[in-house]
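Right, one structure below, let's go through it.
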Amino acid sequence: MSAFAESVFRPHAAQAGVRLAAVDTHAHVFERGLALVEGRRYTPAHDASLEDYLARLDAHGMTHGVLVQPSFLGTDNSYLLNALRAFPRRLRGVVVIEPGATDDSLREMDAGGVVGMRLNLVGQPTPALDTAPWRGLLERVAALGWHVEVHLPAARLPEVIPPLLAAGCAVVVDHFGRPDPASGVADPGFRYLLRQAGSGRVWVKLSGAYRNWPLADVAAAGREAARLLLDAYTGERLVWGSDWPHTEHPDVSYAATREWLDRWIDDPAIRQAVLTDTPSRLFRIDR
């Protein structure tokens, strides 16, 4: 049996032989030389190879990973899709697509391990999600059972969550919802995010905390935000992600991102839900 197989088929506390997953729900892979979009906010100066990412999963006891299309690659998802084809049991993907994507292309990506589409609107205007052609795309995505992952400042969450829910989509909010660093959990946008728990169709990623707060404050600030999110969402609609390779934050390590989760959530059973049970369902990982 391979090392990966041995890591996946560990005895479960309740039933020996049940496949146990630990899922990193947010990472990126890329290499220099790929075609980059105009107007990008970031240009990679190093490679983030699939081999390096899988090695980090192995080193930290993670059995599965979710690859998210980087903004600087635009809608050319080919590098990500090739990674999914190489490790179909271990990886899932979240792509960036145009409203005009064909049904055939969506079905092909779905069969290849794609489970969601991303709206990265940092520095970008909010599209008219409640009108054509976006509304049609969202309805098709929802019909596939995909979620829509949103990345934008918390103050703009009221612009996107209502039309996504109206289209029947499940919504996954990146990086604690991206509250304003100066306001923290008092950010009205973050408070709005807490209230969306009542919809039953919104999830939040405990990831990228260093994009919200200074690195020295991440453990404490992330713990406060995680407590409020747990009170609102419970562990059944929170997931964890490393945000590897931590673009624009070279001082962050994979080990640190995993350790922060232990500081944010004391209860092992809740951490188990966040690392295993919830992402296994949300990202359609066969357990």
Taking atom [atom1] of [X] and atom [atom2] of [Y], what is their separation to the nearest 0.5 Å?
X: D262; Y: L275; atom1: CG; atom2: CG; value: 8.0 Å
X: E159; Y: L129; atom1: CD; atom2: CG; value: 9.5 Å
X: L67; Y: T25; atom1: CG; atom2: OG1; value: 11.0 Å
X: D267; Y: L230; atom1: CG; atom2: CG; value: 9.0 Å
X: H147; Y: F283; atom1: NE2; atom2: CZ; value: 4.5 Å
X: L152; Y: L119; atom1: CG; atom2: CG; value: 9.0 Å

Hey, quick one: are [X] and [Y] part of the same hydrophobic cluster, counting side-chain heavy atoms closer than 4.5 Å, chains of contacts allowed?
X: V172; Y: V96; value: no
X: L80; Y: L73; value: yes
X: L215; Y: W264; value: yes

Given 3.5 Å as the limit, does a donor-acceptor pair link the side chain of [X] with the main chain of [Y], or not?
X: N77; Y: I97; value: no
X: R41; Y: S71; value: no
X: R271; Y: L261; value: no
X: D47; Y: S49; value: no
X: T278; Y: A273; value: yes
X: S183; Y: D180; value: no
X: E224; Y: A220; value: no
X: W240; Y: T257; value: yes
X: Q69; Y: G74; value: yes
X: R135; Y: A166; value: yes

Is any side-chain heavy atom of [X] closer than 4.5 Å to a side-chain heavy atom of [Y]?
X: Y79; Y: V29; result: yes
X: L229; Y: L194; result: yes
X: F72; Y: H28; result: no
X: L81; Y: V114; result: yes
X: V171; Y: Q196; result: no
X: V66; Y: V239; result: no
X: L228; Y: R191; result: yes
X: P127; Y: L121; result: yes

Exercise for the section: Give the intermediate values and the outcome of side chain to side chain contact (heavy atoms under 4.5 Å, CB included) for residues I265 and L206. Expected result: CA-CA 11 Å; I265 300 177; L206 304 181; 4.0 Å; yes
Practice task
Scan side-chain atoms only and decide if D243 and Y210 contain a donor-acceptor pair under the 3.5 Å cut-off.
Solution key: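 A donor-acceptor contact under 3.5 Å links the two side chains.
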Problem - Side chains of T75 and E98, donor plus acceptor under 3.5 Å - result: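 Side-chain D/A pair, T75 to E98: absent.
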Please report the closest heavy-atom contact between [X] and [Y], naming both atoms and the distance.
X: S199; Y: L165; result: CB-CD1, 3.9 Å
X: A226; Y: F176; result: N-CE2, 4.0 Å
X: R263; Y: A219; result: NH1-CB, 3.5 Å
X: A86; Y: L50; result: CB-CD2, 4.5 Å
X: G168; Y: A142; result: O-CB, 3.5 Å
X: P99; Y: L137; result: CA-CD2, 3.6 Å

Are there more than 12 heavy atoms of other residues, nucleotides or ligands under 6.0 Å from atom [atom1] of [X]?
X: E31; atom1: CD; result: yes
X: E248; atom1: CD; result: yes
X: E108; atom1: CD; result: no

Handout entry: Residues R227, D231; criterion salt bridge (Lys or Arg N to Asp or Glu O under 4.0 Å); working and verdict
Key = CA-CA 6 Å; R227 178 183 61 79; D231 287 345; 3.8 Å; yes
Practice task
Kindly determine whether T247 and R211 satisfy side-chain hydrogen bond (donor to acceptor under 3.5 Å, both in side chains), including the steps that lead there.
Solution key: CA-CA 10 Å; T247 54; R211 302 189 186 279; 3.2 Å; yes
Handout entry: Qualifying residue for ring-ring contact (aromatic ring centres under 6.0 Å, His included) with W244, from F30, Y254, Y53
Key =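 So the option named by the test is Y53.
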Exercise for the section: Give the C-alpha distance, both sets of side-chain angles, the deciding distance and a yes or no for side chain to side chain contact (heavy atoms under 4.5 Å, CB included) between N212 and F190. Expected result: CA-CA 12 Å; N212 303 322; F190 182 79; over 6 Å; no
Exercise for the section: Determine, step by step, whether L164 and W134 satisfy the side chain to side chain contact (heavy atoms under 4.5 Å, CB included) criterion, reporting the C-alpha distance in whole Å, the side-chain angles of both residues, the deciding distance to 0.1 Å, and the verdict. Expected result: CA-CA 10 Å; L164 294 178; W134 281 99; over 6 Å; no
Problem - With K205, the side chain to side chain donor-acceptor pair (under 3.5 Å) member among H175, E149, H151 - result: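 The passing option is E149.
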Practice task
Start with the C-alpha distance between W146 and V94, add both sets of side-chain angles, then the distance that settles side chain to side chain contact (heavy atoms under 4.5 Å, CB included), and finish with yes or no.
Solution key: CA-CA 9 Å; W146 292 10; V94 177; over 6 Å; no
Lys/Arg N to Asp/Glu carboxylate O, [X] vs [Y], below 4.0 Å:
X: D174; Y: R118; value: yes
X: D104; Y: R107; value: yes
X: R223; Y: D266; value: yes

